[in-house]
Amino acid sequence: MRISGGKARGIPLRSRKAQGLRPATEANRERLFSSIGDQVLQTRILDLFAGTGSYGLEGLSRGASHATFVEKNRKVSQVLCENIAVVLKSACLPTSAAKVIVRDVLNLLKSVPANPFDLIFLDPPYFELNDLKGQLFDRLLKNKFVHSDSLLIHECPAGESESPEGWQLVRTLGKAGKGSPIFHLFQKSN
């Protein structure tokens, strides 16, 4: 698994085995980031259920200004920190361009951030998805993690299609039945 584009293109990312950890494949990230293109430039990213950090790190490599990674598993977060260090060095970015929060995502979303995020990656373990989905989307809105132009990218299994309350589906990438996950791109409803 490697960074697929930008300044750190080709840099390998390490992974650690853990329950529910499904690192985003290079092909899926390439498809996603090619689709959003320049929308990643100078953004503040929030990578929830970060795991290896592949989404946020891909964003930093492609021009995002900052990424915050949230991962509750301490052992996984240690590998995440190693991945961040390698990508930041390769992309010639300062260490201040990334922050790791070792915390449960739902607990984090109870707080209000200093500033909303421009781009949010939401990729929870599939076995927890049904229990978490409504709460995650609700807390992101209520606690001001997003602004009117924020883009929320939700990776989910093919066939998942409902729009959470308060969110507008902007676009879907991928097709049900192809075996790969699909991406739903949401923005806050007006």
Side-chain angles (χ1 to χ4, degrees), residues 18-24 29 32-33 36 39-60 62-74 76-77 80-81 83-84 93 95-157 160-173 181-190:
Q19 182 184 12
L21 185 63
R22 290 177 285 84
R29 281 183 283 113
L32 173 62
F33 279 88
I36 63 176
Q39 286 180 278
V40 74
L41 296 175
Q42 296 305 308
T43 56
R44 292 182 65 252
I45 292 175
L46 178 61
D47 189 346
L48 299 172
F49 303 96
T52 62
S54 60
Y55 286 125
L57 291 171
E58 191 77 46
L60 287 170
R62 293 173 181 252
S65 60
H66 187 271
T68 299
F69 300 87
V70 183
E71 173 56 54
K72 73 178 179 180
N73 185 311
R74 290 199 181 279
V76 171
S77 68
L80 169 60
C81 289
N83 287 339
I84 289 169
L93 293 169
T95 56
S96 61
K99 176 181 180 181
V100 175
I101 299 173
V102 181
R103 191 168 171 194
D104 178 76
V105 169
L106 279 178
N107 285 333
L108 173 83
L109 295 180
K110 289 178 182 178
S111 61
V112 177
N115 295 297
F117 294 89
D118 306 304
L119 196 55
I120 298 174
F121 292 97
L122 179 59
D123 182 18
Y126 289 170
F127 68 88
E128 292 183 28
L129 185 57
N130 290 334
D131 295 336
L132 295 175
K133 187 175 177 184
Q135 294 177 69
L136 294 168
F137 281 86
D138 187 50
R139 289 182 187 180
L140 285 165
L141 282 178
K142 285 185 177 175
N143 293 330
K144 300 180 178 23
F145 279 83
V146 295
H147 53 73
S148 60
D149 294 325
S150 296
L151 187 62
L152 172 71
I153 300 170
H154 177 221
E155 180 190 318
C156 56
E160 175 95 12
S161 63
E162 64 184 82
S163 288
E165 188 175 330
W167 295 89
Q168 174 185 337
L169 180 63
V170 176
R171 183 171 30 164
T172 296
L173 302 173
I182 57 174
F183 299 99
H184 291 302
L185 283 65
F186 293 100
Q187 284 189 308
K188 183 171 131 176
S189 296
N190 292 330

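Computed over heavy atoms, backbone and side chain alike; hydrogens, waters and symmetry mates excluded. Counting from 1, the numbers follow the sequence of the chain as shown.
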Apply the side-chain contact (heavy atoms from CB on, under 4.5 Å) test between V100 and each candidate in L80, T68, V70; give the one that qualifies. L80
If we check side-chain contact (heavy atoms from CB on, under 4.5 Å) with L152, which of these qualifies: L140, V146, L119? L140
Under 3.5 Å donor-acceptor, Q168 side chain and S189 backbone: no
Backbone of D149 reached by a side-chain donor or acceptor of Q187 within 3.5 Å: yes
Working to the nearest 0.5 angstrom, can you tell me the gap between [X] [atom1] and [Y] [atom2]?
X    : Y    : atom1 : atom2 : result
L136 : L109 : CG    : CG    : 6.0 Å
K188 : K144 : NZ    : NZ    : 7.5 Å
F121 : L46  : CZ    : CG    : 10.0 Å
R29  : L57  : CZ    : CG    : 9.0 Å
R139 : L106 : CZ    : CG    : 5.0 Å
I120 : R44  : CD1   : CZ    : 9.5 Å

Could you tell me which non-hydrogen atom of [X] sits nearest to which non-hydrogen atom of [Y], and how far apart they are?
X    : Y    : answer
L141 : E165 : CD1-O, 3.9 Å
R74  : V102 : NH1-CG1, 3.6 Å
N143 : S111 : CB-O, 3.3 Å
F69  : A98  : CE1-CB, 3.9 Å
A67  : G56  : CB-O, 4.2 Å
A97  : S65  : CB-O, 3.9 Å

Checking L32 against Y55 for the side-chain contact (heavy atoms from CB on, under 4.5 Å) test, could you report, in this order, the C-alpha distance in whole Å, the side-chain angles of both residues, the deciding distance, and whether it holds? CA-CA 10 Å; L32 173 62; Y55 286 125; 3.9 Å; yes
Any side-chain heavy-atom pair of R171 and I36 under 4.5 Å: yes
Is there a side-chain contact (heavy atoms from CB on, under 4.5 Å) between V105 and L108? Walk through the geometry before answering. CA-CA 5 Å; V105 169; L108 173 83; 5.6 Å; no
Which of parallel (below 30°), tilted (30 to 60°) and perpendicular (above 60°) describes H154 and F137? perpendicular
Stepwise, does the side-chain contact (heavy atoms from CB on, under 4.5 Å) test hold for F117 with I45? CA-CA 6 Å; F117 294 89; I45 292 175; 5.9 Å; no
